[in-house]
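Everything on this sheet refers to the single structure shown next.
Each chain gets a letter, A, B and so on, in the order its sequence line appears, and its residues count up from 1.
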Protein chains: 2
Amino acid sequence: MDPIKQFNEYVSRKGLKNTNQRMIILETFLASESHFSTEELYLKLREEYPKIGYATVHRTLKLFAECGIAAERNFGDGQTRFEPVHGEEHHDHLVCTSCGLIIEFEEPQIEKLQESVAATHQFTIENHRLELYGLCAACAAADQ
Amino acid sequence: MDPIKQFNEYVSRKGLKNTNQRMIILETFLASESHFSTEELYLKLREEYPKIGYATVHRTLKLFAECGIAAERNFGDGQTRFEPVHGEEHHDHLVCTSCGLIIEFEEPQIEKLQESVAATHQFTIENHRLELYGLCAACAAADQ
DNA sequence: CTAGAAAATGAAAACGATTTTCAGAAGCTA
DNA sequence: TAGCTTCTGAAAATCGTTTTCATTTTCTAG
Ligand SMILES: [Zn+2]
Ligand SMILES: [Zn+2]
Ligand SMILES: [Zn+2]
Ligand SMILES: [Zn+2]
């Protein structure tokens with residue numbers, strides 16, 4: 001479903017209100033491919049909309065996560081990041097520890113093996129995180 | 001190698017000093033099977049050694065990680081946890097979101113697939129994290 | 001259209017885990 | 001033992017995140 005529609009439905013279902021700030025933040029958030037931290041999105045927004053406060057950006061990102069159009073991520077640098085969710089797809093991440101590049105990947109065989117590991121321990125998986133940290137091709141080459 | 005020996009070698013190599021606190025913390029840390037947070041280890045130590053300060057526990061755990069006898073973990077509850085490292089073995093974790101139970105597992109096939117994913121993207125893996133969150137058998141049963 | 005209730009905003013303060021500071025204590029070398 | 005270095009513990013600082021609160025905005029009902 002269209003994320004904007006999904007957000008609007010969530011807002012009216014919960015008795016929340018439509019505001020300019022939320023629309024601006026949503027558009028900027030969706031327009032990007034990035035895995036934004038609150039800080040980064042706040043700084044980007046500030047270029048064009050200097051009146052929008054940090055707290056509003058933060059609360060709005062949390063709201064996006066709540067209504068399912070954003071996913072929270074944590075790549076171990078002490079910052080929570082958010083990325084737009086498109087449909088039901090799932091992916092995991094390669095994270096370059098040198099330049100910060102993030103590559104997304106899907107590997108159904110790994111997902112299956114996770115289920116079998118869980119089954120072995122009578123464990124019911126609700127969600128998981130898989131991140132591979134290391135050097136991207138460019139950084140590995142520069143390293144030589 | 002014996003972790004105590006490994007620690008002592010690291011300490012002398014770096015020109016650090018042997019102290020009672022470090023030995024006490026090391027013994028308590030190694031004696032446990034748990035994935036301790038600084039806070040938890042501090043509280044446990046305080047029962048028997050009320051003079052040891054929080055900062056010392058924290059600095060000492062960081063030192064353990066630095067010299068390779070402890071691994072830092074983060075299971076998304078906002079606390080960094082430490083566990084003893086035994087040899088070269090590697091494992092990943094099942095984490096119960098209800099009771100906090102942590103189960104360790106090794107799945108060589110997943111590890112292999114990770115390498116193949118990385119290769120596909122010309123990516124060199126330095127380390128990775130894989131955590132499966134959900135309900136352990138007991139909590140799933142209690143849920144019914 | 002209002003008016004009034006409810007929710008949202010932005011600045012600043014509070015929070016919680018982690019890290020640093022600093023003065024005194026302890027360890028090590030000669 | 002002297003003297004230099006590191007370590008310790010308490011307290012303060014830091015950093016990302018979250019909350020507070022006075023004010024503004026949205027929205028509904030009259
Ligand atoms: Zn996955
Ligand atoms: Zn992603
Ligand atoms: Zn693994
Ligand atoms: Zn473990």
Side-chain angles (χ1 to χ4, degrees), chain A residues 7-29 35-67 70-82 100, chain B residues 7-29 35-67 70-82 100:
Chain A
F7 180 69
N8 286 333
E9 280 181 17
Y10 185 82
V11 161
S12 50
R13 178 154 36 90
K14 291 275 183 174
L16 307 179
K17 297 182 173 172
N18 277 314
T19 67
N20 285 330
Q21 286 91 331
R22 283 177 177 166
M23 282 304 121
I24 290 166
I25 295 169
L26 181 52
E27 279 162 23
T28 307
F29 176 65
H35 297 73
F36 271 128
S37 67
T38 303
E39 177 77 13
E40 287 165 354
L41 186 56
Y42 167 68
L43 291 176
K44 185 176 175 79
L45 282 160
R46 202 172 58 172
E47 294 167 11
E48 208 172 338
Y49 308 96
K51 298 278 192 58
I52 296 182
Y54 183 97
T56 300
V57 177
H58 172 261
R59 282 182 290 229
T60 304
L61 284 171
K62 289 298 228 183
L63 189 58
F64 293 169
E66 212 175 289
C67 83
E72 282 187 54
R73 303 285 189 182
N74 193 308
F75 298 134
D77 65 348
Q79 299 222 293
T80 302
R81 294 176 181 282
F82 296 83
Chain B
F7 179 69
N8 286 333
E9 280 181 16
Y10 185 82
V11 161
S12 49
R13 178 153 36 90
K14 290 277 183 172
L16 308 179
K17 297 182 175 173
N18 276 313
T19 67
N20 285 330
Q21 285 92 330
R22 283 177 177 167
M23 281 306 120
I24 290 166
I25 294 169
L26 181 52
E27 279 163 24
T28 307
F29 176 65
H35 299 72
F36 272 127
S37 67
T38 303
E39 177 77 13
E40 287 165 354
L41 185 56
Y42 166 68
L43 290 175
K44 185 174 174 78
L45 282 160
R46 201 172 59 172
E47 293 168 12
E48 210 173 336
Y49 309 95
K51 298 277 191 60
I52 296 183
Y54 184 96
T56 301
V57 177
H58 172 262
R59 283 182 290 228
T60 305
L61 283 172
K62 289 298 229 185
L63 189 58
F64 293 169
E66 211 175 289
C67 83
E72 281 187 54
R73 303 286 189 182
N74 193 307
F75 298 135
D77 65 348
Q79 299 222 292
T80 302
R81 294 174 182 282
F82 296 82

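- Distances shorter than 4.0 Å separate some side-chain N or O of A:Q21 from OP1 or OP2 on C:dG10.
- The listed nucleotides are D:dT6, C:dT19, D:dT8; the one nearest the side chain of B:T56 is D:dT8.
- Side-chain to base pairing of A:R59 with C:dG10: one donor and one acceptor N or O lie within less than 3.5 Å of each other.
- Comparing C:dG27, D:dT19, C:dT18 against the side chain of A:A55 picks out D:dT19 as the nearest.
- In this structure, the nucleotide among D:dT17, D:dT26, D:dG9 sitting nearest to the side chain of A:K17 is D:dT26.
- Computed from coordinates, the A:I24 CD1 to C:dG10 P distance equals 9 Å when rounded to whole Å.
- Of the side-chain N and O atoms in A:K51, none sit less than 4.0 angstrom from OP1 or OP2 of C:dG10.
- For D:dT18, one of the phosphate oxygens OP1 or OP2 lies less than 4.0 angstrom from a side-chain nitrogen or oxygen of A:H58.
- A pairwise comparison of heavy atoms in A:D77 and A:N74 identifies N-OD1, 4.4 Å as the closest pair.
- Looking at heavy-atom distances under 4.0 Å, B:T80 makes contact with sugar-phosphate atoms alone, never a base.
- Of the candidates C:dT21, C:dG27, D:dG16, the closest approach to any side-chain atom of B:T19 belongs to C:dG27.
- The closest donor-acceptor contact from the side chain of B:R22 to the backbone of B:K17 lies under 3.5 Å.
- Using a 4.0 Å heavy-atom criterion, one finds that B:E39 contacts no nucleic acid atom at all.
- With the nearest nucleotide of DNA chain C identified for both A:Y42 and A:L16, A:L16 has the one nearer the 5' end.
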